[in-house]
Amino acid sequence: MAKGAIVSRAEDFPRWYQEVVARAEMADNGPVRGTMVIRPWGYGIWELLQAELDRRIKEAGAENAYFPLFIPESYLSLEAEHVEGFSPELAVVTHGGGKKLEEPVVVRPTSETVINSFFAKWIQSHRDLPLLINQWANVVRWELRPRLFLRTSEFLWQEGHTAHATEAEARAYALLILRDVYLSTMVDVAALPVLTGHKTPRERFAGAIRTWTCEGLMGDGKALQMGTSHELGQNFSRAFGITFSNAEGGLEHVWQTSWGVSTRLIGALVMGHGDDFGLRLPPALAPTQVVVLMIKEEPEVRAAAEGLVAELRAAGHRVRLDDRTETSFGRRSVDWELKGVPVRVEVGPRDLAEGNVTLVTRHLRHKQTFARTAVRQEVDGIMARVGPELLAEAAAFRAAHTVDVRTLEEAVEAGGTGLARIRLGALGADGEDRLADKALSVRCLQRPDGGLAEPGDDDADLIAVVGRSY
RNA sequence: CGGGCUGUAGCGCAGCUUGGCAGCGCGCCUGCUUUGGGAGCAGGAGGUCCCGGGUUCAAAUCCCGGCAGCCCGACCA
């Protein structure tokens with residue numbers, strides 16, 4: 001290992017992950033165990049993700065709102081499975097204003113309960129439906145084994161909550177979010193291939209009747225749940241009394257959905273695209289897409305570099321000038337590489353004398369000299385290619401680490417290094433227990449062709465995607 | 001909850017066995033020389049040695065008590 005370099009992924013993947021997050025200045029551990037300080041580079045990625053998600057959420061018709069951080073403890077217990085699922089990880093506030101509270105309040109682990117208590121108030125008629133609400137917020141789930149971005153006690157996310165007149169409409173909306181918001185953002189923006197499917201009852205969200213999921217495969221062969229969209233049926237509408245008068249004058253309970261993705265996606269980006277030199281960002285999520293790096297402080301170099309910055313900015317790229325020539329060239333190159341900036345433009349006297357500059361493409365670590373006048377066009381071209389190439393590389397990795405099997409034993413074998421696909425029925429009644437003994441789980445269920453289950457499909461006939469997971 | 005390990009500069013660590021000036025690497029600051037893949041030289045700053053008590057002329061070091069963190073197991077999902 002070269003001086004100051006990070007550990008290789010092959011040698012120690014968890015340590016590699018920690019080092020990338022630290023050295024790329026994405027996040028630090030907070031003072032309270034399990035908490036996280038998101039630094040500008042990490043937060044910049046989040047802001048870009050947020051913007052992409054928010055636009056799609058609004059296109060899907062949902063509106064943003066904000067509900068309180070504190071929830072009366074009693075609300076949680078209104079839905080039996082929900083409270084059972086969340087009580088082990090709740091943070092509970094027992095004192096306020098120096099006095100013991102009459103009723104403790106919990107810090108939201110998710111907002112189903114508060115939001116639904118208001119849905120009950122707002123929804124009277126079928127004309128009030130559908131009600132489509134999203135909120136951007138922090139949530140708290142006390143974690144014993146935290147890892148930055150992947151599992152922290154507090155994290156940032158988006159949670160959508162909707163109410164519909166019919167089960168079919170709720171289901172269609174949960175799937176709309178899954179495909180047009182989550183799948184689209186993960187694949188087209190983050191360049192991360194994901195499997196979609198639904199969870200087994202064992203893995204399902206506490207309180208849902210069906211949980212749809214996007215599952216990614218990380219560089220160490222472990223799966224990561226990257227986003228979920230739940231059909232809640234009438235579980236919460238019955239618990240909270242959310243009723244509406246239908247067109248015939250009858251009183252019905254609404255059908256609901258909820259869905260969320262979090263800052264965990266940043267962890268997915270690191271583990272899905274990173275290499276032994278650090279992070280590799282798709283341009284769409286790079287806070288800085290192009291770094292123009294001055295090799296030396298000379299008037300000609302500065303003039304050329306500043307000219308390129310202006311030109312590339314005008315072309316619509318997020319560009320930053322690195323003129324910290326008091327720091328060595330090598331050091332600065334490595335720093336930008338760690339941060340995953342897609343393109344570096346290296347401007348130095350030697351090239352410049354011949355009217356050239358050097359372009360370095362991060363994801364390929366490819367270096368080439370171009371005429372200064374060709375830079376804009378070359379950068380445009382590289383920027384258009386990076387995302388698709390990262391996506392193709394990750395998809396090839398997943399294909400190479402996915403295998404179809406027929407028995408649980410084979411699934412255990414294959415699941416050790418990647419994903420195993422097996423008919424759920426072939427796992428047997430205690431299949432999930434036996435997988436759990438080997439630290440494996442069913443990540444999702446899909447049709448043999450990878451498609452989503454249709455109404456009427458029997459889970460036993462669907463393909464269970466089995467793997468280790470985060 | 002059980003077992004093991006660790007707390008020393010911003011980070012990583014040595015020193016503890018055998019008590020005797022608080023150390024090393026990286027990072028940081030200043031100056032000069034450098035700058036095309038983690039620069040060199042010189043100078044400098046930075047400490048509640050986890051906390052409390054004890055033994056001793058003298059404690060980072062030995063003894064007692066406590067706290068925190070990490071790993072493994074159990075539990076949970």
Side-chain angles (χ1 to χ4, degrees), chain A residues 1-7 12 14-15 18-25 27-35 37 39 81-90 109-110 141-147 150-151 153 199-208 211 213 223 225 228 276-278 291-302 304-305 322-339 341 344-354 356-362 364-370 432-433 435-437 439-443 468-470:
Chain A
M1 192 167 82
K3 181 173 137 190
I6 55 179
V7 69
D12 187 342
R15 193 169 143 211
Q18 285 188 315
E19 289 184 356
V20 171
V21 170
R23 300 277 303 274
E25 301 181 327
D28 262 337
N29 283 304
V32 172
R33 180 175 158 75
T35 61
V37 175
R39 303 181 66 179
E81 279 185 35
H82 192 65
V83 67
E84 193 186 326
F86 279 104
S87 41
E89 43 192 9
L90 291 181
T110 177
R141 298 177 186 178
W142 215 255
E143 289 292 348
L144 299 178
R145 295 199 186 284
R147 295 189 68 182
L150 300 175
R151 175 172 281 111
S153 290
K199 292 289 188 183
T200 62
R202 182 195 183 97
E203 301 282 335
R204 191 200 273 158
F205 175 71
T211 289
T213 182
Q225 177 175 303
T228 47
D276 286 350
F277 301 91
V291 164
V292 176
L293 199 149
M294 282 170 53
I295 288 170
K296 233 178 145 167
E297 179 66 68
E298 285 181 7
E300 300 76 30
V301 171
R302 177 167 286 277
D322 183 349
D323 61 354
R324 302 169 299 158
T325 47
E326 69 280 6
T327 301
S328 76
F329 165 78
R331 158 62 73 95
R332 289 181 288 146
S333 301
V334 168
D335 283 350
W336 292 117
E337 209 157 57
L338 277 163
K339 282 189 154 71
V341 172
R344 288 203 307 282
V345 181
E346 300 179 351
V347 184
R350 221 153 67 200
D351 283 340
L352 223 45
E354 297 166 21
N356 295 333
V357 297
T358 297
L359 296 194
V360 189
T361 308
R362 169 63 184 94
L364 303 172
R365 294 189 84 241
H366 175 254
K367 205 172 213 181
Q368 198 177 345
T369 300
F370 292 98
E432 288 189 88
D433 286 329
L435 288 173
D437 289 340
L440 294 167
S441 56
V442 174
R443 304 316 308 153
R468 293 171 299 152
S469 72
Y470 279 95

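In the text below, chain A, chain B and the rest are named by the order of the sequence lines, each starting its count at 1. Only a predicted model underlies this, so the values are computations on that prediction, with no experimental measurement involved.
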Point to revise | CD1-CG distance between Ile6(A) and Leu338(A), expressed to the nearest 0.5 angstrom | key: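 If I round to the nearest 0.5 Å, the distance is 5.5 Å.
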
Exercise for review: Drop me the distance from Asn356(A)'s CG to Arg350(A)'s CZ, to the nearest 0.5 angstrom.
Suggested key: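 Answer rounded to 0.5 Å: 12.0 Å.
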
Look through every strand shown and name the nucleotide pairing with [N] as Watson-Crick or G-U wobble, where both distances are under 3.5 Å.
{"N": "rC76(B)", "answer": "none"}
{"N": "rG69(B)", "answer": "rC5(B)"}
{"N": "rC49(B)", "answer": "none"}
{"N": "rC11(B)", "answer": "rG25(B)"}
{"N": "rA39(B)", "answer": "rU33(B)"}

Output the rounded distance in Å from [atom1] ([X]) to [atom2] ([N]).
{"X": "Leu359(A)", "N": "rG37(B)", "atom1": "CG", "atom2": "P", "answer": "16 Å"}
{"X": "Glu81(A)", "N": "rC76(B)", "atom1": "CD", "atom2": "P", "answer": "18 Å"}
{"X": "Ile6(A)", "N": "rG37(B)", "atom1": "CD1", "atom2": "P", "answer": "20 Å"}
{"X": "Glu298(A)", "N": "rU34(B)", "atom1": "CD", "atom2": "C1'", "answer": "13 Å"}
{"X": "Phe329(A)", "N": "rU35(B)", "atom1": "CZ", "atom2": "C1'", "answer": "9 Å"}
{"X": "Asp322(A)", "N": "rU35(B)", "atom1": "CG", "atom2": "P", "answer": "17 Å"}
{"X": "Arg332(A)", "N": "rG36(B)", "atom1": "CZ", "atom2": "C1'", "answer": "11 Å"}
{"X": "Lys296(A)", "N": "rU35(B)", "atom1": "NZ", "atom2": "C1'", "answer": "7 Å"}

**Study point:** Minimum side-chain heavy-atom gap Leu352(A)-Val357(A) below 4.5 Å
**Key:**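 A side-chain contact under 4.5 Å exists here.
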
Point to revise | Side chain to side chain, Arg141(A) and Thr110(A), heavy atoms closer than 4.5 Å | key: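 Side-chain contact under 4.5 Å: yes.
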
Taking atom [atom1] in both [N] and [M], what distance in whole Å separates the two?
{"N": "rG46(B)", "M": "rA22(B)", "atom1": "C1'", "value": "12 Å"}
{"N": "rU56(B)", "M": "rA68(B)", "atom1": "C1'", "value": "29 Å"}
{"N": "rC1(B)", "M": "rA9(B)", "atom1": "C1'", "value": "37 Å"}
{"N": "rU55(B)", "M": "rC62(B)", "atom1": "C1'", "value": "8 Å"}
{"N": "rC11(B)", "M": "rG54(B)", "atom1": "C1'", "value": "34 Å"}
{"N": "rG15(B)", "M": "rC50(B)", "atom1": "P", "value": "15 Å"}
{"N": "rC49(B)", "M": "rC13(B)", "atom1": "C1'", "value": "13 Å"}
{"N": "rA74(B)", "M": "rG66(B)", "atom1": "P", "value": "28 Å"}

Identify whether any heavy atom of [X] sits under 4.0 Å from a base atom; if not, whether one sits that close to sugar-phosphate; answer base, sugar-phosphate or nothing.
{"X": "Arg151(A)", "answer": "nothing"}
{"X": "Glu337(A)", "answer": "base"}
{"X": "Arg344(A)", "answer": "base"}

Practice item. Applying side chain to side chain contact (heavy atoms under 4.5 Å, CB included), run through Ser469(A) and Gln225(A) and close with a yes or a no. Key: CA-CA 8 Å; Ser469(A) 72; Gln225(A) 177 175 303; over 6 Å; no

Practice item. Please determine if a side-chain N or O atom of Ser328(A) lies less than 4.0 Å away from the OP1 or OP2 oxygen of rA39(B). Key: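 Result: yes.
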
Practice item. Considering just the side-chain nitrogens and oxygens of Arg331(A), establish if one lies under 4.0 Å of OP1 or OP2 belonging to rU34(B). Key: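 False: Arg331(A) side-chain N/O out of range (4.0 Å or more) of rU34(B) OP1/OP2.
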
Exercise for review: Specify the closest pair of heavy atoms between Asp323(A) and Glu297(A), including all atoms of both residues, with the distance to one decimal.
Suggested key: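 Between these two residues, the closest heavy atoms are O-OE1, 4.5 Å.
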
Check your understanding: Does Thr358(A) make a side-chain donor-acceptor contact with the base of rG36(B), cut-off 3.5 Å?
Key ->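 Such a pair is found, so the answer is yes.
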
Point to revise | Donor-acceptor pair under 3.5 Å, Lys367(A) side chain vs rG36(B) base | key: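 In this structure, the two groups form no donor-acceptor pair.
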
Can you tell me which nucleotide in [options] comes closest to the side chain of [X]?
{"X": "Asp351(A)", "options": "rG37(B), rG36(B), rC76(B)", "answer": "rG36(B)"}
{"X": "Ile295(A)", "options": "rG37(B), rU35(B), rG38(B)", "answer": "rU35(B)"}
{"X": "Pro88(A)", "options": "rC76(B), rG38(B), rG37(B)", "answer": "rC76(B)"}

**Study point:** Residues Lys367(A), Glu346(A); criterion side chain to side chain contact (heavy atoms under 4.5 Å, CB included); working and verdict
**Key:** CA-CA 10 Å; Lys367(A) 205 172 213 181; Glu346(A) 300 179 351; 3.3 Å; yes

**Study point:** With Phe86(A) via ring pair (Phe, Tyr, Trp, His ring centres under 6.0 Å) - residues at least two apart
**Key:**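 With sequence neighbours excluded, Phe86(A) shows a ring pair (Phe, Tyr, Trp, His ring centres under 6.0 Å) to His82(A), Phe205(A), given in chain and number order.
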
Review point. How do Glu297(A) and Arg202(A) order along RNA chain B: which one's closest nucleotide is nearer the 5' end?
Key: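 It is Glu297(A), whose closest nucleotide lies nearer the 5' terminus.
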
**Study point:** Residue from Arg332(A), Arg344(A), Arg331(A) passing salt bridge (charged side-chain N to carboxylate O under 4.0 Å, His left out) with Asp322(A)
**Key:**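 Answer to the salt bridge (charged side-chain N to carboxylate O under 4.0 Å, His left out) test with Asp322(A) among Arg332(A), Arg344(A), Arg331(A): Arg332(A).
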
Polar-atom pairs under 3.5 Å, protein N or O versus N or O of nucleotides 8-12 of chain B: list them with distances, or write none.
none

Review point. Under the 6.0 Å and 45° cation-pi test, does Arg147(A) pair with Tyr470(A)?
Key: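 That pair does not qualify as a cation-pi contact.
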
